[in-house]
Amino acid sequence: MSVNLELRKRLILNDVDIDASKLSSIGAIDVSYSKHDLSTAVTTLVVLNDRLELIYSHSSTINDLTTPYIPGFLAFRELEYLKKEVDLLRETKSHLMPDIWLVDGNGILHRNGFGLASHFGVACDLVTIGVSKNPYIFDCSELSKRSAKNQYKILMKTLKNVGDYFYISHPIDKTILGVGLKTTLESTNPIFVSIGHKCSLNTAIAITLKCCKYRIPEPIRFADSISRRHLI
DNA sequence: GCGACAG
DNA sequence: ATCTTGTCGC
């Protein structure tokens, strides 16, 4: 908990050294879990070039997973594994270090304004964007949760073209935390994009869109499918 | 007590 | 997250 607060002080919410028009590479990391063996998981780091082609991947098996997943505390479970993969890349293939990272989880679109993508960005000093497939629900009571879900349903119907989005604000202070973004013409459900670290929301949206051939951005799709394959 | 809640 | 199954479309 004290670690989180120390990291949070260093969070940066605007573009730092990022020129979306001349991105050379983009990275992603994903963790897949075994259903049969609760202590086993696989972490996969991928690097894609500016044409969204896979140019590097590395996977590590976790055999002693003990931390459970608790909603709102994803970073508590996954951060150490993401950090390990980045440290390894820095040691062995530093010339492949991506300009920007997509993280499977939210950035500031979070109860404490500091989700996994932000933790990861600050802890490793990387430019990160948070991407999640499901809406983050702030509300606690069943009643307000249901109304929040209904709100999302209504907002989803307003998305018509690729690149359309709706803002998601903090339920109390109303600050903008992220967007629900339509990434392909075919997809009914948006993805949820937020600032991770050292990146503005507009840049996060633009880069995420550039990465989408399908609903889920290519870097995350690659990391997800490779880590899942390693698990078998 | 049980299920739901980014993954 | 994980599992299954089926269905549609290229």
Side-chain angles (χ1 to χ4, degrees), chain A residues 4 8 28-46 59-63 65-85 101-121 128-153 156 168-171 177-181 183-197 204 208 213-217 219-232:
Chain A
N4 292 0
R8 203 187 149 153
I29 308 184
D30 190 50
V31 184
S32 286
Y33 301 89
S34 165
K35 190 200 179 180
H36 306 295
D37 181 358
L38 268 54
S39 62
T40 299
V42 170
T43 311
T44 296
L45 178 157
V46 297
S59 299
S60 298
T61 300
I62 302 160
N63 292 310
L65 185 69
T66 51
T67 318
Y69 168 63
I70 300 165
F73 296 91
L74 181 61
F76 190 66
R77 179 165 158 97
E78 292 195 352
L79 179 61
E80 62 171 307
Y81 304 116
L82 306 198
K83 192 169 178 340
K84 257 179 207 167
E85 282 300 313
W101 295 77
L102 297 188
V103 177
D104 206 342
N106 291 313
I108 65 169
L109 177 51
H110 184 272
R111 197 174 305 280
N112 309 123
F114 199 55
L116 176 63
S118 297
H119 270 84
F120 176 59
T128 61
I129 297 169
V131 177
S132 70
K133 306 172 199 71
N134 296 294
Y136 188 91
I137 306 293
F138 291 89
D139 308 85
C140 295
S141 79
E142 285 301 329
L143 194 68
S144 50
K145 252 188 240 179
R146 279 220 326 184
S147 96
K149 285 180 183 175
N150 283 330
Q151 266 305 313
Y152 276 120
K153 254 187 166 177
M156 277 166 54
I168 301 165
S169 304
H170 188 100
L177 299 180
V179 296
L181 176 68
T183 57
T184 66
L185 206 53
E186 298 76 28
S187 58
T188 312
N189 299 324
I191 62 172
F192 300 88
V193 177
S194 59
I195 294 172
H197 183 50
T208 301
K213 288 165 86 167
Y214 308 103
R215 175 178 173 246
I216 306 300
I220 292 178
R221 284 185 66 239
F222 274 111
D224 185 68
S225 94
I226 294 170
S227 62
R228 203 177 312 221
R229 220 158 30 74
H230 270 265
L231 211 45
I232 302 169

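Protein chains get the first letters and strands the later ones, always in sequence-line order, with residue 1 at the start of each.
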For the pair made of [atom1] in [X] and [atom2] in [N], what is the distance, rounded to whole Å?
X	N	atom1	atom2	answer
A:I137	B:dG7	CD1	P	11 Å
A:L185	C:dG9	CG	C1'	15 Å
A:L102	B:dA6	CG	C1'	15 Å
A:E78	B:dA6	CD	C1'	9 Å
A:Y69	C:dA1	OH	P	10 Å
A:I70	C:dA1	CD1	C1'	14 Å
A:F192	B:dC5	CZ	P	13 Å
A:F73	C:dA1	CZ	C1'	18 Å

Under the ring-ring contact (aromatic ring centres under 6.0 Å, His included) rule, collect the residues that match up with A:H170, sequence neighbours excluded.
->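 Counting only residues at least two positions away or on another chain, A:H170 forms a ring-ring contact (aromatic ring centres under 6.0 Å, His included) with A:F138.
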Check ring-ring contact (aromatic ring centres under 6.0 Å, His included) between A:H119 and all other residues, then give those that pass, not counting sequence neighbours.
->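 Partners of A:H119 under the ring-ring contact (aromatic ring centres under 6.0 Å, His included) test: A:F114.
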Tell me what [X] touches on the nucleic acid: a base, only sugar-phosphate, or nothing, going by heavy atoms under 4.0 Å.
X	result
A:G72	base
A:D104	sugar-phosphate
A:L116	base

Dump the pairs, protein N or O against N or O of nucleotides 2-7 of chain C, anything under 3.5 Å, distances to one decimal.
{"residue": "C:dT2", "atom": "OP1", "partner": "A:S32", "partner atom": "OG", "Å": "3.3"}
{"residue": "C:dT2", "atom": "OP2", "partner": "A:R228", "partner atom": "NH1", "Å": "3.3"}

Side chain to side chain contact (heavy atoms under 4.5 Å, CB included) against A:L65, all qualifying residues, sequence neighbours excluded = A:Y33, A:A41, A:I62, A:R77, A:Y81
Contacts of A:S39 meeting side chain to side chain contact (heavy atoms under 4.5 Å, CB included) (sequence neighbours excluded), chain-then-number -> A:D37
Taking atom P in both C:dA1 and B:dA4, compute the distance separating them and give it to the nearest angstrom.
->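 Here C:dA1 and B:dA4 have their P atoms 16 Å from each other.
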Value rounded to 0.5 Å, distance of CD1 in A:I29 from CG in A:L102 | 11.0 Å
Rounded to the nearest 0.5 Å, how far apart are CD1 of A:I168 and CD of A:Q151?
->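 Here the interatomic distance stands at 11.5 Å.
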A:S132: what forms a side chain to side chain donor-acceptor pair (under 3.5 Å) with it, not counting sequence neighbours?
-> A:N106
So what is the 5' to 3' dot-bracket string for DNA chain B, if pairs are Watson-Crick or G-U wobble with both distances under 3.5 Å, crossing pairs use [ ] and | means the partner sits on another strand?
-> .......
Can you list the residues that meet the salt bridge (Lys or Arg N to Asp or Glu O under 4.0 Å) rule with [X], with sequence neighbours excluded?
X	value
A:K83	A:D87
A:R215	none
A:R229	none
A:K213	none

With both pairing distances under 3.5 angstrom for Watson-Crick or G-U wobble, and | for a partner in another strand, the correct string for DNA chain C is ..........
Can a side chain N or O of A:N134 be found less than 4.0 Å away from OP1 or OP2 on B:dC5?
-> no
Which class fits the ring pair A:Y152 and A:F192: parallel under 30°, tilted 30 to 60°, perpendicular over 60°?
-> perpendicular
